[in-house]
Amino acid sequence: MDVAPADGHAAQVSYTAQRADLILYPYLRMDAIYDNADRVNTGYDFTKGVGKVAGIRAQGYYSRVKHFMTDEFRASAPASAARPYSMGTLASTETTGGKVEATWTNGFAGVEAYSRFWGTEGYAMMSQYRPAYALPDVTINAVGVYVEHAVQPSAAWRLDLGARYDHASSAADEAKANT
């Protein structure tokens with residue numbers, strides 16, 4: 001959905017939802033029992049300019065996926081198993097982020113940040129379905145700032161100067177990590 005609340009202003013919002021049941025993957029060892037995803041994206045543009053700033057753009061986003069796969073419909077799932085599958089994996093991910101960017105005649109500058117989460121729980125009959133964590137609830141946080149400016153010393157030459165600095169950190173759930 002796009003709206004223009006005033007001259008020189010524009011806002012955007014979008015949302016998608018995915019709800020899928022039983023997706024067969026002939027090239028994998030397991031099939032998805034379900035695959036659910038939600039995605040939200042928002043944006044705001046200010047294009048009237050203030051002083052030397054020609055425009056400002058802000059964007060925010062969020063996504064979440066939950067995905068459960070098993071071998072329930074494969075020959076590897078014995079009928080005598082305590083569960084209808086001999087192996088399964090529950091995977092989940094979540095991302096939140098955004099950025100703000102300002103433009104001027106010869107360049108732009110901005111800041112962006114995000115946080116991403118990944119987690120998996122694997123279950124196997126061979127290990128009495130005790131959970132195993134290939135991705136032990138890993139979170140990555142990052143922030144970056146950037147700038148670019150063009151200088152044209154003559155009609156034949158243009159020099160683009162830019163810089164970016166990023167800082168990122170990551171952590172895993174120590175109780176789930178197999179160190």
Side-chain angles (χ1 to χ4, degrees), residues 1-25 28 31-69 89-121 133-173 176:
M1 174 176 71
D2 293 345
V3 295
D7 185 37
H9 296 260
Q12 309 85 33
V13 177
S14 65
Y15 171 76
T16 61
Q18 171 184 303
R19 302 293 181 264
D21 294 330
L22 192 53
I23 303 168
L24 302 176
Y25 297 107
L28 296 178
D31 301 307
I33 303 304
Y34 64 83
D35 186 76
N36 297 337
D38 295 284
R39 296 173 190 89
V40 179
N41 191 25
T42 62
Y44 196 88
D45 293 293
F46 176 69
T47 57
K48 278 192 114 159
V50 175
K52 293 186 180 200
V53 175
I56 297 173
R57 165 108 174 109
Q59 178 191 16
Y61 55 88
Y62 171 79
S63 68
R64 176 182 58 203
V65 177
K66 292 227 180 248
H67 179 80
F68 185 53
M69 295 182 72
T89 299
L90 174 61
S92 58
T93 182
E94 196 167 335
T95 303
T96 305
K99 72 178 184 176
V100 176
E101 187 172 273
T103 59
W104 56 88
T105 304
N106 296 328
F108 58 89
V111 60
E112 63 182 330
Y114 66 84
S115 179
R116 289 186 178 146
F117 167 85
W118 290 281
T120 61
E121 293 180 17
Y133 305 99
L135 291 168
D137 292 352
V138 177
T139 301
I140 296 176
N141 295 305
V143 63
V145 293
Y146 55 93
V147 63
E148 184 174 309
H149 186 75
V151 178
Q152 191 149 5
S154 71
W157 288 89
R158 181 177 128 171
L159 181 61
D160 290 330
L161 304 169
R164 181 172 176 111
Y165 174 79
D166 288 285
H167 175 78
S169 64
S170 64
D173 183 337
K176 294 179 178 179

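For reference, positions follow the sequence shown, starting with 1.
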_Counting C-beta onward and ignoring hydrogens, is there a side-chain heavy-atom pair between F117 and V138 closer than 4.5 Å?_
no
_Y34 vs M69, side-chain contact (heavy atoms from CB on, under 4.5 Å): CA-CA, chis, key distance, verdict_ = CA-CA 7 Å; Y34 64 83; M69 295 182 72; over 6 Å; no
*Test side-chain contact (heavy atoms from CB on, under 4.5 Å) applied to W118 and I140, step by step*: CA-CA 9 Å; W118 290 281; I140 296 176; 3.3 Å; yes
*Of all heavy-atom pairs between D31 and L24, which one has the smallest distance, and what is that distance?*
OD1-CA, 3.3 Å
*Does a side-chain heavy-atom distance below 4.5 Å link H9 with Y44?*
yes
*Minimum heavy-atom distance between D137 and G119, given as atom pair plus value*: OD1-CA, 3.6 Å
*For the residue pair Q12 and D45, establish whether any side-chain heavy-atom pair is separated by less than 4.5 Å.*
yes
_Heavy-atom side-chain proximity of Y146 to E101 below 4.5 angstrom_ = yes
*Determine the minimum heavy-atom distance between W104 and K52, stating which atoms define it.*
CB-O, 3.1 Å
*Taking C-beta and beyond as the side chain, do R158 and D160 meet within less than 4.5 Å on heavy atoms?*
yes
*Check step by step if side-chain contact (heavy atoms from CB on, under 4.5 Å) holds for Y114 and K99.*
CA-CA 9 Å; Y114 66 84; K99 72 178 184 176; over 6 Å; no
*Drop me the distance from D35's CG to L22's CG, to the nearest 0.5 angstrom.*
11.5 Å
*asked:* Treating T120 as the side-chain partner and L90 as the backbone partner, does any N or O pair qualify as donor plus acceptor under 3.5 Å?
replied: no
*asked:* Does R64 have more than 12 heavy atoms from other residues, nucleotides or ligands lying within 6.0 Å of its CZ?
replied: no
*asked:* Checking the side chain of T103 only, and the main-chain atoms of F108 only, is there a donor and an acceptor separated by less than 3.5 Å?
replied: no
*Can R57 and V100 be said to form a side-chain contact (heavy atoms from CB on, under 4.5 Å), step by step?*
CA-CA 6 Å; R57 165 108 174 109; V100 176; over 6 Å; no
*asked:* For a quick check under 3.5 Å, do N106 and E148 share a side-chain donor-acceptor pair by atom type?
replied: no
*K66/D38 salt bridge by N-O under 4.0 Å criterion*: no
*So how far is it from L159 CG to H149 NE2, rounded to the nearest 0.5 Å?*
9.5 Å
*Does a side chain donor of either N36 or Q18 reach within less than 3.5 Å of an acceptor in the other side chain?*
no
*Minimum heavy-atom distance between A37 and R19, given as atom pair plus value*: O-NH1, 3.0 Å
*Under the salt bridge (Lys or Arg N to Asp or Glu O under 4.0 Å) test, which residues partner R116, sequence neighbours left out?*
none
_If you define the side chain from C-beta out and look only at heavy atoms, does anything of E121 sit under 4.5 Å from Y133?_
yes
*Between CG on residue N41 and OH on residue Y61, distance to nearest 0.5 Å*: 9.5 Å
*Which atom names give the shortest non-hydrogen contact between S115 and N141, and what distance separates them?*
OG-OD1, 2.7 Å
*Quick one: are V111 and V143 in side-chain contact, heavy atoms under 4.5 Å?*
yes
*Which pair of heavy atoms, one from R164 and one from G144, lies closest together, and at what distance?*
NH2-CA, 4.2 Å
